[in-house]
Participant: 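I'd like to ask you about the structure that follows.
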2 protein chains.
Amino acid sequence: MWISRRTDYATRAVLALSLAGGTQPMKLQELADRTAVPLSVLEQIMPVLRTAGVARSERGRSGGYRLNHPPGKITLETVVRLFEGQLAPIACATRKEPESCSMMCGCSLRSAWEEIRDNTIDLLGRTTFADLAAGAAGPWLDSDQIEPVD
Amino acid sequence: MWISRRTDYATRAVLALSLAGGTQPMKLQELADRTAVPLSVLEQIMPVLRTAGVARSERGRSGGYRLNHPPGKITLETVVRLFEGQLAPIACATRKEPESCSMMCGCSLRSAWEEIRDNTIDLLGRTTFADLAAGAAGPWLDSDQIEPVD
DNA sequence: ACTAATCTTTATATATTCTATCAACATTCT
DNA sequence: AGAATGTTGATAGAATATATAAAGATTAGT
């Protein structure tokens, strides 16, 4: 239970934008409705995605968000890392600057944590939002995607 | 970064007891020294392991803790679950009673979270403390293990 | 019996993080 | 000019994690 609400929200938002096609920007309000994320929270999350180059925004009356790259170029790892930081399950097993172990033995637990870390990163890195979009189902795919927003 | 301090401490303690052999109980104070865990925290952690049947204790002057089963019968999963609860990375991907998804589509993200969950549980379930003890190295294995405590 | 050593249990304080909301601001289009 | 939209920063509230301390219960040894 380590994926925070924000990370959950962010991945939902990127999936929603992936499904939308990107021919026109999607408003925060609609994104909030589709992903069931509070608008006020999206207001904090989307700028992070924008700054990281994952999404792109337009302001003003016909503004909104769209992806900055094709969904196939955006991995789950990219988005999750933005909000979770280190993906190792424990500080002594990070790839960069692991915290030194204060235990009185060559602690073999670290190998186990590292293996979990590698499995996790591998899967997140292999999964693109094109994959996720292909696996999605429901109301969006049929009509809403084409229907104009206004 | 989802393994809490308590879980870390608990796994260290079980590893320490695994390395000790179990011919005599180990005092909380010594366990604290070997694992670099504050004694006051071990006082909370060890009863949990005891109640769960992982460890067994003896009180009084020559008391202390030892494992209740051979290390090969105790998996990392058992200990981690005691302190972390659900192992799924997110509430919608638990094996029992997953939280329903409020998103407006058949959310394909869940499959990814489930895959991470399964990888993680599989690895934790396969790893016993006998495996970990075999991989350990350092001062304990040479002398301390045999040396009487008092 | 008494005492000392040890585990047991409970209460509590502190810090940290997470979550959500709101308000003021900047930009764009009509 | 005005309305709709994204941008930013402040903040409050809740939940969780962590550590400490104190009082109790049990056992071993004398």
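Here is the naming used below: chain letters follow the sequence lines, and residue numbers restart at 1 for every chain. Everything numeric in this text was worked out from a predicted model, so none of it was measured.
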Participant: Taking atom types as modelled and ignoring hydrogens, do the side chains of Thr78(A) and Thr75(A) form a donor-acceptor contact shorter than 3.5 angstrom?
Facilitator: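 There is such a pair between these side chains.
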Participant: State which residues pass side-chain hydrogen bond (donor to acceptor under 3.5 Å, both in side chains) with Glu43(A); sequence neighbours excluded, sorted by chain then number.
Facilitator: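 Not a single residue meets the side-chain hydrogen bond (donor to acceptor under 3.5 Å, both in side chains) criterion with Glu43(A).
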Participant: Indicate yes or no: at least one non-hydrogen side-chain atom of Thr120(A) is less than 4.5 angstrom from one of Trp2(A).
Facilitator: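 Counting from C-beta outward, Thr120(A) and Trp2(A) do come under 4.5 Å.
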Participant: Could you list all the salt bridge (charged side-chain N to carboxylate O under 4.0 Å, His left out) pairs where at least one residue sits in residues 84-105 of chain A, not counting sequence neighbours?
Facilitator: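 Every pair satisfying salt bridge (charged side-chain N to carboxylate O under 4.0 Å, His left out) with a residue in residues 84-105 of chain A: Arg95(A)-Asp118(A).
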Participant: For Tyr65(B) and dT26(D), what is the distance between atoms OH and P respectively, to the nearest whole Å?
Facilitator: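 Result: 14 Å.
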Participant: Measure the distance from CG on Leu39(B) to P on dC7(C) and round it to the nearest whole Å.
Facilitator: 8 Å
Participant: Could you work out which one of dA19(D), dT5(D), dT19(C) sits closest to the side chain of Arg5(B)?
Facilitator: dA19(D)
Participant: Tell me which residues in residues 81-98 of chain B lie within less than 4.0 Å of DNA chain C, going by non-hydrogen atoms.
Facilitator: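 Correct list: empty, so none.
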Participant: Which residues pass the side-chain hydrogen bond (donor to acceptor under 3.5 Å, both in side chains) test with Gln29(A), sequence neighbours left out?
Facilitator: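 With sequence neighbours excluded, Gln29(A) shows a side-chain hydrogen bond (donor to acceptor under 3.5 Å, both in side chains) to Asp33(A), given in chain and number order.
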Participant: Among all residues two or more places apart in sequence or in another chain, which pass the side-chain contact (heavy atoms from CB on, under 4.5 Å) test with Ser57(B)?
Facilitator: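 Once residues adjacent in sequence are excluded, the partners of Ser57(B) under the side-chain contact (heavy atoms from CB on, under 4.5 Å) criterion are Arg50(B), Tyr65(B).
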Participant: Could you list all the salt bridge (charged side-chain N to carboxylate O under 4.0 Å, His left out) pairs where at least one residue sits in residues 64-74 of chain A, not counting sequence neighbours?
Facilitator: Glu58(A)-Arg66(A)
Participant: Could you give the distance from CD (Glu114(A)) to SG (Cys92(A)), rounded to the nearest 0.5 Å?
Facilitator: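 These two atoms lie 7.5 Å from each other.
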Participant: Once you round it to whole Å, what is the distance between P of dG6(D) and CG of Leu49(A)?
Facilitator: 14 Å
Participant: DNA chain C: Gly64(B) or Thr7(A), which has the more 5' nearest nucleotide?
Facilitator: Gly64(B)
Participant: With a 4.0 Å limit, can you tell me whether Tyr9(A) has a side-chain N or O closer than that to the phosphate oxygens OP1/OP2 of dA20(C)?
Facilitator: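 So the side chain of Tyr9(A) is within the cut-off, an N or O lying under 4.0 Å from OP1 or OP2 of dA20(C).
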Participant: Sequence neighbours left out, what passes side-chain hydrogen bond (donor to acceptor under 3.5 Å, both in side chains) with Asp8(A)? Give chain and number order.
Facilitator: Arg12(A)
Participant: Please state how far atom CD in Gln29(B) lies from atom P in dT8(C), giving the value in whole angstrom units.
Facilitator: 15 Å
Participant: What is the distance from CG of Asp8(B) to P of dA17(D), rounded to the nearest Å?
Facilitator: 14 Å
Participant: If you measure from CG on Leu17(B) to CZ on Arg56(B), what distance do you get to the nearest 0.5 Å?
Facilitator: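 Between Leu17(B) CG and Arg56(B) CZ, I get 11.0 Å after rounding to 0.5 Å.
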Participant: Could you go over nucleotides 12-16 of chain D and give all protein N or O partners under 3.5 Å, atom names and distances?
Facilitator:
none

Participant: Rounding to an integer number of Å, can you tell me how far Arg6(A) CZ sits from dT21(C) P?
Facilitator: 12 Å
Participant: Show me the donor-acceptor pairs within less than 3.5 Å that the side chains of residues 122-136 of chain A make with the rest of the protein, sequence neighbours left out.
Facilitator:
unit_1: Asp122(A); atom_1: OD2; unit_2: Arg126(A); atom_2: NH1; d: 2.6
unit_1: Thr127(A); atom_1: OG1; unit_2: Leu123(A); atom_2: O; d: 2.9
unit_1: Thr128(A); atom_1: OG1; unit_2: Ala130(A); atom_2: N; d: 3.2
unit_1: Thr128(A); atom_1: OG1; unit_2: Asp131(A); atom_2: N; d: 3.2
unit_1: Thr128(A); atom_1: OG1; unit_2: Asp131(A); atom_2: OD2; d: 3.3
unit_1: Asp131(A); atom_1: OD2; unit_2: Thr128(A); atom_2: N; d: 3.0

Participant: Could you state the atom-to-atom distance from CZ of Arg56(A) to P of dT7(D) in whole Å?
Facilitator: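 Answer to the nearest Å: 13 Å.
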Participant: Can you measure Met26(B) atom CE to dC7(C) atom P for me and round it to whole angstrom units?
Facilitator: 11 Å
Participant: Can you name the residues that form a side-chain hydrogen bond (donor to acceptor under 3.5 Å, both in side chains) with Arg81(A), not counting sequence neighbours?
Facilitator: Glu77(A)
Participant: Any side-chain to backbone donor/acceptor pair from Arg117(B) onto Leu87(B)? Under 3.5 Å, distance only.
Facilitator: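 Absent.
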Participant: Produce the list of close N/O pairs, under 3.5 Å, pairing protein atoms with atoms of nucleotides 12-17 of chain C; give distances to one decimal.
Facilitator:
none

Participant: Between Gln44(A) and Arg6(A), does any side-chain donor sit less than 3.5 Å from a side-chain acceptor?
Facilitator: yes
Participant: Would one find a side-chain N or O of Arg50(A) under 4.0 angstrom from OP1 or OP2 of dG6(D)?
Facilitator: no
Participant: Within the structure shown, what part of the strands sits under 4.0 Å from Ser40(B) by heavy-atom distance: base, sugar-phosphate, or nothing?
Facilitator: base
Participant: For nucleotides 24-30 of chain C, give me every protein contact, N/O to N/O, under 3.5 Å, one pair per line with atom names.
Facilitator:
none

